[in-house]
Amino acid sequence: MSGQAELPRRSRCCGDFRTEHVGQECCVMGWVHSYRDHGGVIFIDLRDRSGLVQIVADPSTSPGAHAAAERVRSEWVVAAVGRVRPRSAESINPKLATGEVEIITDRIVILTEAETPPFPVDAAEEMDESLRLKWRFIDLRRPQMLDRLRRRHEVVLSARNYLSERGFWEIETPLLINSSPEGARDFLVPSRMNPGHFYALPQSPQLMKQTLMASGVDRYFQMARCLRDEDLRADRQPEHTQIDIEMSFVDEEQVLETVEGLVRHIYRVAKGVDLPDPFPRMTYAEAMLRYGSDKPELRFGLEIIDVSPVVAKSEFRVFTETLANGGQVRGINVKAGACLSRSQLDNLQPTARELGGKGAAYIIYEPDGTWRSPLLKYFPEDVLEELRSLLGGEPGDLFVFGADEPEALAPFMGRLRLHLAGLVGLPGETDDIRPLWVTDFPVFERDSETGGWQAMHHPFTMPKREFLDTMEENPGAVIGQLYDLVINGAELGSGSIRIHDPSIQQRVFRIVGISEEEAERKFSYLLRAFRYGAPPHGGIALGIDRLVSQIVGVKSIREVIAFPKTATGADLMMGAPGPVDDAQLRELHIRPVE
RNA sequence: GGGGCUGUAGCUCAGUUGGUUGAGAGUACCUGACUGUCGAUCAGGGGGUCGCGGGUUCGAGUCCCGUCAGCCCCGCCA
């Protein structure tokens, strides 16, 4: 009877049986993946996380096992005791790793019966994601999903090993901390014992890990949960995990070397590939000019090129007037883009506006060497030729242009580049992995609302030495010791060398408009710690969810998180967030507004 | 806060300009048959608030408005 028989001892996982085990007595346990009842002999494919193995129940030799096998249904949990035997040549199943053997059972123990699952575990087609999330425990049974969990484990384990071997200590920092109003919106946790006071869940352990450096920890890491109450995306969840790293007595170069080594190690262990050594580097300024993004996708070209001097010689008013007003015109050579359909070309204009541009113009260099474009009448032949030369045009290419003031043009061209790449099928199916350090980020940027200066990364970023004397004069020009790790167009990590000198810190706070009282209130313990002797230090945080989703080749980080949330922040399996009792609220001194 | 896409048996989907389909297919499920299958096969059966609400119409799965849910994007995410 279900759940009552004495549990036999499992001898091996289902997927591990091979011809070398033939003749062995064995006991396997798992879920009934499928069964084939031939009236006489019954076959059961038994599944655990290692794979499938075929169990055979023969009524002529084991009527008891056969009777149990007759009752069995999909996803029941059973144990089968028997013996490994080779399959006959005709019945070998090359699709199964265990396909050369099978287990002839003389005893089947039904461990648990199961309701019919809401969707099949071996579903060929993709299910609706909300269904998968509601029944996540079934969804995770799918071999593909278990494999992703395993690979995530391998990423985390390999990171732990690598860092530990290099003297990093894994240290946990609190989840209940104080709120700091700038940056992302905090998740708040009311304090029962302190009416009207709240904890916040950490957006990152930033201040705490820097404090650990002041404590002399020297090298720290943590698999850190980070929580932000902001809107979700395919690559953003309200809680995500970072490999959080901080090192003392190092400069930028040493941090980059360490992190590169770590990331190469992870890819070697979890994906079996060797990444370039060293990673290529590009400054922020160059990335914005050539790729229109601070996270360039390098798996294809389609670089952005300034064509202002050339198109200035055309009579196309949109271009010439933009140039006259201090703007620029930049172009992209979409290799082999002349094959785009008429409707795709017509859609460029509205699409460009959706991407935040003023518009997009195009010129086609036909395979036969002739030109085609609505703009042809404005472009003399020699200007076209000059354009072609500048853009490296070959027959069959498509040139697409945008015009605007430089600050708006760069990000627009970046989005346009990715859109155009998609139209011609780039990057396509490829094993290419293109890591990149983007360095030399500005420390300060204009606040779009107030117009004042704010920290681009965070206010603890150390400006490069050459800007230290003069940073108040032109904050916008100050480059920081700031670096992002980008792989295939995704930002996988971000870090910096931090300010450890209280006087520099004070000046930076002044530039971003944080008063001494405010700084003392928000960052009290860190600033206090630094007054008592802080080492030079820096670090980085790598997003594990993004890293793993890239390693296993999925678009959304939800595919590599066991229990992720929907775009509205709901957990469909557990039904969170949900209402709470009035009594709970009273205890926390909270009353709903309304 | 805004834009786009999707919503029809347990699951994946089809469903023509609104009317012969009193809502279909495959699969899953249930019953029966079958001793070598591995997407088993064969026969039979049960199963639907067409996301929800309102409207237009003689008539709505189909058209209109609203709403809910999921997905993608913008804003947001130091």
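Every value quoted in this text rests on a predicted model; they were computed, and no experiment measured them. Here is the naming used below: chain letters follow the sequence lines, and residue numbers restart at 1 for every chain.
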Any N/O pairs under 3.5 Å between the protein and nucleotides 75-78 of chain B? List them or say none.
unit_1, atom_1, unit_2, atom_2, d
B/G75, N7, A/Arg233, NH2, 2.9
B/G75, O6, A/Asp231, OD2, 3.4
B/G75, O6, A/Arg233, NH1, 3.0
B/G75, O6, A/Arg233, NH2, 3.2
B/G75, N1, A/Asp231, OD2, 2.5
B/G75, N2, A/Asp231, OD2, 3.3
B/C76, O2', A/Glu230, OE1, 2.6
B/C76, O2, A/Arg236, NH2, 3.0
B/C76, N3, A/Arg236, NH1, 3.2
B/C76, N3, A/Arg236, NH2, 2.9
B/C76, N4, A/Arg236, NH1, 3.3
B/C77, O2, A/Arg236, NE, 3.3
B/C77, O2, A/Arg236, NH1, 3.0
B/C77, N3, A/Arg236, NH1, 3.2
B/A78, OP2, A/Arg228, NH1, 3.2
B/A78, O3', A/Ala455, O, 3.2
B/A78, O2', A/Ala455, O, 3.0
B/A78, O2', A/Met456, O, 2.8
B/A78, O2', A/His457, N, 3.4
B/A78, O2', A/His457, O, 2.3
B/A78, N9, A/His457, O, 3.2

List, with names and distances, any nitrogen or oxygen atoms from the protein found under 3.5 Å away from nitrogen or oxygen atoms belonging to nucleotides 24-30 of chain B.
unit_1, atom_1, unit_2, atom_2, d
B/C30, OP1, A/Arg73, NE, 3.0

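Residue A/Leu355 is classed as having no contact, given no heavy-atom separation below 4.0 Å to the nucleic acid. If you check every strand for non-hydrogen atoms under 4.0 Å, A/Asp229 touches nothing. Residue contacts for A/Asp128: at a heavy-atom cut-off of 4.0 Å it reaches the sugar-phosphate backbone alone, with no base atom in range. Heavy atoms of A/Thr568 sit under 4.0 angstrom from primed sugar atoms or phosphate atoms, though from no base atom. Heavy atoms of A/Glu129 sit under 4.0 angstrom from primed sugar atoms or phosphate atoms, though from no base atom. Residue-level contact check: A/Asp37 touches the bases, meaning some heavy atom is under 4.0 Å from a base atom. In this structure, A/Glu354 reaches neither bases nor backbone, as no heavy-atom distance under 4.0 Å exists between it and the strands shown. Base contact: A/Ser91 has a heavy atom under 4.0 Å from a base atom. Note on A/Glu75: nothing from the nucleic acid sits closer than 4.0 angstrom, heavy atoms only.
Distance noted for atom P between B/G53 and B/A33: 45 Å (whole Å). A gap of 14 Å separates the P atoms of B/A25 and B/G48, to the nearest Å. The gap from the P atom of B/C73 to that of B/G26 amounts to 37 Å, rounded to the nearest Å. Between B/A40 and B/G4, the distance separating the two C1' atoms is 45 Å to the nearest Å. On the P atoms, B/U62 is 23 Å away from B/G70, given to the nearest whole Å. Between the P atoms of B/G32 and B/U37, the separation comes to 24 Å (whole Å). Across B/G54 and B/A60, the matching C1' atoms stand 13 Å from one another, rounded to whole Å. Nucleotides B/C50 and B/G24 have their P atoms positioned 14 Å apart, rounded to a whole Å.
For B/A40, the base is stacked against the aromatic ring of A/His38, per a cut-off of 5.5 Å between centres and 30° between planes. With centroids closer than 5.5 Å and planes inclined by less than 30 degrees as the test, A/Phe119 and the base of B/C11 fail to qualify as a stacked pair.
Looking at A/Asp440 and A/Lys464, a side-chain N of the basic residue comes within less than 4.0 Å of a carboxylate O on the acidic one, giving a salt bridge. Electrostatic pairing of A/Glu230 and A/Arg185 counts as a salt bridge here, judged by a charged N lying under 4.0 Å from a carboxylate O. Salt bridge A/Glu354/A/Arg415: absent, no basic N to carboxylate O contact under 4.0 Å. In this structure, A/Glu126 pairs ionically with A/Arg142, as a charged nitrogen and a carboxylate oxygen lie closer than 4.0 Å. Between A/Glu472 and A/Arg507 there is a salt bridge, since a side-chain N of the basic residue sits under 4.0 Å from a carboxylate O of the acidic one. Ion pairing of A/Glu518 with A/Lys522 is present here, as a side-chain N (NZ or NE/NH1/NH2) and a carboxylate O approach within less than 4.0 Å.
No donor-acceptor contact under 3.5 angstrom links the side chains of A/Gln237 and A/Asp545, judged on distance only. For the 3.5 Å distance criterion, the side chains of A/Arg36 and A/Gln54 qualify, holding a donor opposite an acceptor.
Judged by atom type and distance alone, A/Gln54 reaches the base of B/U37 through a side-chain donor-acceptor pair under 3.5 Å. Residue A/Arg353 places no side-chain atom within donor-acceptor reach of the base of B/G3, judged by atom type and a 3.5 Å distance cut-off alone. For A/Arg36 and B/U35, a side-chain-to-base donor-acceptor distance below 3.5 Å is absent, hydrogens and geometry of angles not being considered.
Side-chain proximity of A/Leu133 to B/U37, B/C71, B/U35: nearest is B/C71.
Heavy-atom distances to RNA chain B give each of A/Asn93 and A/Met127 a nearest nucleotide, and the one nearer the 5′ end belongs to A/Met127.
A straight line from CD1 of A/Ile55 to P of B/U37 spans 18 Å, rounded to a whole angstrom. Put simply, CG on A/Leu131 is 9 Å from C1' on B/G10, counting in whole angstrom units.
For CZ of A/Arg299, the number of neighbouring non-hydrogen atoms (other residues, nucleotides, ligands) closer than 6.0 Å is greater than 12. For A/Tyr199, the OH atom sits in a loose shell: 12 or fewer heavy atoms of surrounding residues, nucleotides or ligands are nearer than 6.0 Å. By the neighbour-count criterion of 12 heavy atoms within 6.0 Å, atom CH2 of A/Trp31 is sparsely surrounded, having that number or fewer from other residues, nucleotides or ligands.
For A/Arg558, a side-chain nitrogen or oxygen approaches OP1 or OP2 of B/C72 to under 4.0 Å. Using a 4.0 Å cut-off, some side-chain N or O of A/Lys95 falls inside it from OP1 or OP2 of B/G39. Between A/Thr566 and B/G70 there is a side-chain N or O to OP1 or OP2 distance below 4.0 Å.
Among residue pairs with one or both ends in residues 479-489 of chain A, those qualifying as side-chain hydrogen bond (donor to acceptor under 3.5 Å, both in side chains) are A/Asp484-A/Ser494; sequence neighbours excluded. Sorted by first and then second residue, the salt bridge (charged side-chain N to carboxylate O under 4.0 Å, His left out) pairs with a member in residues 555-572 of chain A read A/Glu129-A/Arg558, A/Arg132-A/Glu559, A/Arg148-A/Glu559, A/Glu239-A/Lys565; sequence neighbours excluded. For the salt bridge (charged side-chain N to carboxylate O under 4.0 Å, His left out) condition, no pair includes a residue of residues 454-463 of chain A, sequence neighbours left out.
Nucleotide B/U27 is matched to B/G10 when pairs are restricted to Watson-Crick or G-U wobble geometry with both distances under 3.5 angstrom. Pair check for B/C50 finds none; no Watson-Crick or G-U wobble contact set falls under 3.5 Å. Nucleotide B/G19 forms a Watson-Crick or G-U wobble pair with B/C58, both donor-acceptor distances falling under 3.5 Å.
Contacts between residues 475-482 of chain A and RNA chain B, defined by a heavy-atom separation below 4.0 Å, involve no residue at all.
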Q: Under the salt bridge (charged side-chain N to carboxylate O under 4.0 Å, His left out) rule, what do A/Glu75 and A/Arg141 come out as? Steps first, then yes or no, please.
A: CA-CA 10 Å; A/Glu75 299 306 309; A/Arg141 283 182 191 174; 2.8 Å; yes

